[in-house]
Amino acid sequence: MHMMAVIRAFALICCLAALPLRSQKLTLLPFQGEVEMYGMQELAIRLDRLPPGVNPFTDASLEAVVALPGSKPDTLQGFCDSQDGLRFAVRHMPAQPGRYQAVLRFTLGGAVQTRTAAYTVLPSGQDGPLRADPEHPWHFIYENSGRHFFWNSTTAYWLMGWKDEQVIREAIDRLAYFQINRIRVAINGRAHGGSRWSEPAVVESPGFTFKLNPWLAERPEDLDDPGFDVTRFNVPYWQKLDRLVAHARDRGIIVSLIFYVDGLDHGCDPFKRERMGNADEQRYYRYAAARYSAFPNIMWDVTNEYHLFRSEAWVEQMGTLLKAADPHRHLISVHGHADFPFRTSPWVDVVLYQSWDECGGYAFMSACREKQAATGRILPQINEEYGYEGHYSPWGCGATAAKLPHGRSAENRARLAWEICMAGGYQTTGETAQYGTGAGEDTGGGWINGRGNYKMTMLKYYGIMREIFSQTEYWKLQPDNASVNYGNFCLSDPGRQYLVYSRLPRCRVALPRDGVFSVTMHNPRTGEAVALPDCDGRDNGAWNYPRELEEDWVFILRRK
């Protein structure tokens with residue numbers, strides 16, 4: 001009898017705990033009646049109150065089952081979108097036109113309430129999410145438009161550190177002007193200042209902070225001990241990140257969201273190795289997936305430099321979790337070092353390396369492609385970090401190397417980028433941080449926070465490279481140095497088109513003896529192009545530039 005009384009009492013307590021949800025008002029907020037394919041539909045609910053002691057980030061959940069007649073329904077996870085816990089939202093990025101039906105299911109305290117919604121999705125010419133090209137898998141393509149994507153990327157880790165969001169928007173606008181189409185942005189990071197990386201011009205200031213706070217913190221300004229409550233997210237911070245991603249979307253820029261930057265430093269990592277991968281850290285990844293998967297212009301980076309503070313097993317765990325949590329299948333990878341032990345992992349879509357200077361140039365990227373091809377699974381190869389402009393300038397490639405000051409100039413970074421791309425890979429660069437943020441000439445920040453000024457011209461060279469590649473069907477081209485000599489680089493679709501990067505005084509291209517080819521000469525420093533006389537392969541089975549070259553030049557030959 002005593003046990004039965006306990007069971008009845010427990011049941012009564014459960015019923016009483018559920019009563020507040022059943023008796024409270026749950027409102028479906030207004031939403032768009034029509035959205036375009038690959039646009040975002042946000043369905044949100046509001047509670048009139050929350051029972052005492054409830055943590056809306058751990059004790060409540062919202063999901064939506066979204067269905068289009070004749071298609072498999074999608075189950076989407078929602079997220080708490082207000083600090084008081086009264087607003088929840090779920091986001092959908094529809095990939096097909098038609099009339100969608102959505103059933104929202106809100107759960108709290110064992111009780112469930114549902115709401116329904118219907119909306120129309122219109123056809124759209126938007127690009128859609130970025131994918132690896134299924135026909136040319138070393139390269140990228142947009143899912144909806146079918147447009148190819150020449151990866152032209154830069155680092156802007158602490159872009160979220162700007163307190164004035166107008167500065168963030170202006171930084172993104174400037175990068176878009178220079179034809180950058182992907183930026184690396186940290187969700188979480190903490191540092192004492194740029195001197196951490198020998199960049200003393202970038203410091204804490206009234207307008208900028210190195211202290212990012214994705215969770216509520218008892219001491220948000222404490223560098224080493226912020227007192228993060230990892231069960232409660234800092235919603236205004238994530239809403240600010242929403243606006244950053246949305247502005248980048250409007251400017252045609254992919255945002256690579258990085259969950260940790262330099263996680264070993266200061267109070268950045270609240271989990272440490274002893275709690276890595278636990279339920280609270282998994283919630284962090286799932287919350288991000290719920291908020292951002294419906295943006296077409298994101299990709300995921302599990303963490304920056306995982307090997308410094310995490311294990312390979314953890315990378316596999318969190319990469320697999322992200323893959324499952326993202327219903328829209330955005331590209332996923334992880335940034336590490338010169339090796340990539342995850343190239344066969346099912347969750348990996350892109351292979352990212354960190355290999356500096358000549359160590360990360362043509363020979364390195366060629367070897368990376370060979371290693372990837374040997375797995376039987378082709379994936380795009382990117383040197384994500386190979387030495388930022390002016391950064392650690394006395395350093396160099398290899399243990400005994402020593403560079404002169406200014407060794408990492410805008411010009412030689414661009415030449416190295418050409419090497420990487422001529423090997424069939426892609427690269428991510430970083431502008432100088434020698435112009436200040438809060439110190440000296442307060443106009444820059446470069447690779448640290450994404451802001452630039454009129455003195456910073458490095459990205460002009462990268463935009464020119466993107467323009468030159470875009471004048472070819474570069475996704476069809478393969479490394480073909482056998483068709484050139486003198487140590488120059490060539491990509492070709494044999495017999496049809498040739499892209500040659502000539503860095504030595506002579507340039508010669510072997511051609512088939514059965515065709516006539518147009519020839520254009522491109523200046524990689526200015527973007528200027530000159531049409532040269534056609535070449536008839538029947539003459540001598542080759543084309544030769546008739547004069548000596550004093551600088552690097554690019555030639556494009558096409559069968560007429």
Side-chain angles (χ1 to χ4, degrees), residues 21 24 26-31 40-64 76-92 104 106-108 158-165 168-169 185-190 209-222 226-249 255 257-260 267-271 279-295 298 300 322 325-326:
L21 180 63
Q24 74 181 176
L26 185 70
T27 304
L28 177 65
L29 298 177
F31 57 91
M40 183 194 294
Q41 176 64 283
E42 180 171 289
L43 302 172
I45 59 169
R46 177 167 288 280
L47 313 176
D48 62 348
R49 56 193 174 84
L50 201 64
V54 168
N55 181 339
F57 301 98
T58 60
D59 303 333
S61 66
L62 175 68
E63 70 174 25
L76 309 174
Q77 298 303 313
F79 56 94
C80 180
D81 194 35
S82 64
Q83 208 63 66
D84 61 10
L86 298 182
R87 186 182 191 276
F88 286 75
V90 65
R91 291 170 172 171
H92 181 216
L104 283 72
F106 182 74
T107 305
L108 174 62
W158 268 271
L159 191 57
M160 278 289 288
W162 292 107
K163 298 174 184 179
D164 182 352
E165 293 186 49
I168 295 175
R169 291 190 292 271
V185 175
I187 301 175
N188 180 26
R190 298 179 86 76
T209 181
F210 280 96
K211 304 180 189 79
L212 304 183
N213 294 300
W215 299 277
L216 288 183
E218 293 181 32
R219 299 167 295 279
E221 295 303 313
D222 191 313
F228 284 134
D229 179 351
V230 293
T231 71
R232 295 178 184 271
F233 294 104
N234 180 6
V235 174
Y237 175 86
W238 291 85
Q239 292 170 337
K240 177 182 174 183
L241 183 55
D242 288 353
R243 294 186 289 272
L244 183 158
V245 174
H247 190 72
R249 174 197 61 203
V255 181
L257 293 170
I258 308 171
F259 284 83
Y260 299 94
C268 173
D269 176 14
F271 305 104
D280 291 325
E281 189 173 34
Q282 291 181 38
R283 187 183 306 109
Y284 172 40
Y285 282 75
R286 289 195 176 97
Y287 188 81
R291 286 198 81 103
Y292 298 108
S293 292
F295 283 93
I298 63 108
W300 305 112
L322 261 181
D326 179 354

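Along the sequence shown, residues carry numbers from 1. All values below were derived from every heavy atom in this structure, side-chain atoms included, with hydrogens, water molecules and symmetry-related copies excluded.
Distance check, rounded to the nearest 0.5 Å: CG of L62 to CD1 of I45 gives 5.0 Å. The line from CG of L212 to CD1 of I187 is 10.0 Å long, rounded to the nearest 0.5 Å. Rounding to the nearest 0.5 angstrom, the gap separating the OG1 atom in T209 from the CD atom in E221 is 5.5 Å. Separation of atoms CZ (F271) and CD (Q282) is listed at 10.0 Å; rounding is to 0.5 Å. Rounded to the nearest 0.5 angstrom, E281 CD and D269 CG are separated by 6.5 Å. Going from atom CG of N213 over to atom CE of M160 covers 10.0 Å, rounded to the nearest 0.5 Å.
Here the side chains of P270 and D280 are not in contact, with every heavy-atom distance at 4.5 Å or above. Two residues are said to be in side-chain contact when any heavy atoms from C-beta on lie closer than 4.5 Å; R91 and D242 meet this criterion. Within the 4.5 Å cutoff, the side chain of L104 has no heavy atoms near those of the F88 side chain. Counting only heavy atoms from C-beta outward, the side chains of V255 and F295 never approach each other to under 4.5 Å. Contact annotation: the side chain of L241 never approaches that of R291 to less than 4.5 Å [non-hydrogen atoms, C-beta and beyond]. Residues E165 and L244 fail the side-chain proximity criterion, which asks for heavy atoms closer than 4.5 Å. Looking at heavy atoms from C-beta onward, L50 lies in side-chain contact with L108 at the 4.5 angstrom threshold. With contacts defined as side-chain heavy-atom distances shorter than 4.5 Å, the pair D229/E218 does not qualify.
Between K211 and D222 there is no salt bridge, since no side-chain nitrogen of the basic residue lies less than 4.0 Å from a carboxylate oxygen of the acidic one. Between R286 and E63 there is no salt bridge, since none of the side-chain N atoms of the basic residue sits less than 4.0 Å from a carboxylate O of the acidic one.
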Next item on the list: For the pair V235 and F57, evaluate side-chain contact (heavy atoms from CB on, under 4.5 Å) and give the outcome as yes or no after the intermediate values.
Entry: CA-CA 11 Å; V235 174; F57 301 98; 3.7 Å; yes
Next item on the list: Show your reasoning for whether side-chain contact (heavy atoms from CB on, under 4.5 Å) applies to I168 and K240.
Entry: CA-CA 10 Å; I168 295 175; K240 177 182 174 183; 3.8 Å; yes
Next item on the list: Evaluate the ring pair (Phe, Tyr, Trp, His ring centres under 6.0 Å) criterion for residues Y260 and Y284: first the C-alpha distance (whole Å), next the side-chain angles of each, then the deciding distance (0.1 Å), finally the verdict.
Entry: CA-CA 11 Å; Y260 299 94; Y284 172 40; 5.8 Å; yes
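Judged by distance alone, the side chain of Y287 and the main-chain N or O of C80 form a donor-acceptor pair under 3.5 Å. Side chain of N55 to backbone of T231: a donor-acceptor contact under 3.5 angstrom is found. The backbone N or O of D81 lies less than 3.5 Å from a partner atom in the side chain of Q239, making a donor-acceptor pair. A side-chain donor-acceptor contact under 3.5 Å links Q83 to the backbone of F233. Here the side chain of W300 pairs no donor or acceptor atom with the backbone of L257 at under 3.5 angstrom.
The minimum heavy-atom distance linking P220 with R190 is given by the pair O-NH2, 3.0 Å. A325 and S293 get closest at one heavy-atom pair: O-OG, 4.4 Å. Contact detail for G78 and A290: the closest heavy-atom pair is O-CB, 3.8 Å. Here the closest heavy-atom approach between residue A44 and residue R87 is recorded as CB-NH2, 3.4 Å. Between L29 and R46, the shortest heavy-atom contact is CD2-CB, 4.0 Å. Counting all heavy atoms, side chain and backbone alike, V230 lies closest to R283 at O-NH1, 3.5 Å.
Ring geometry, Y285 versus F259: the interplanar angle falls under 30°, so the pair is classed parallel (tilted spans 30 to 60°).
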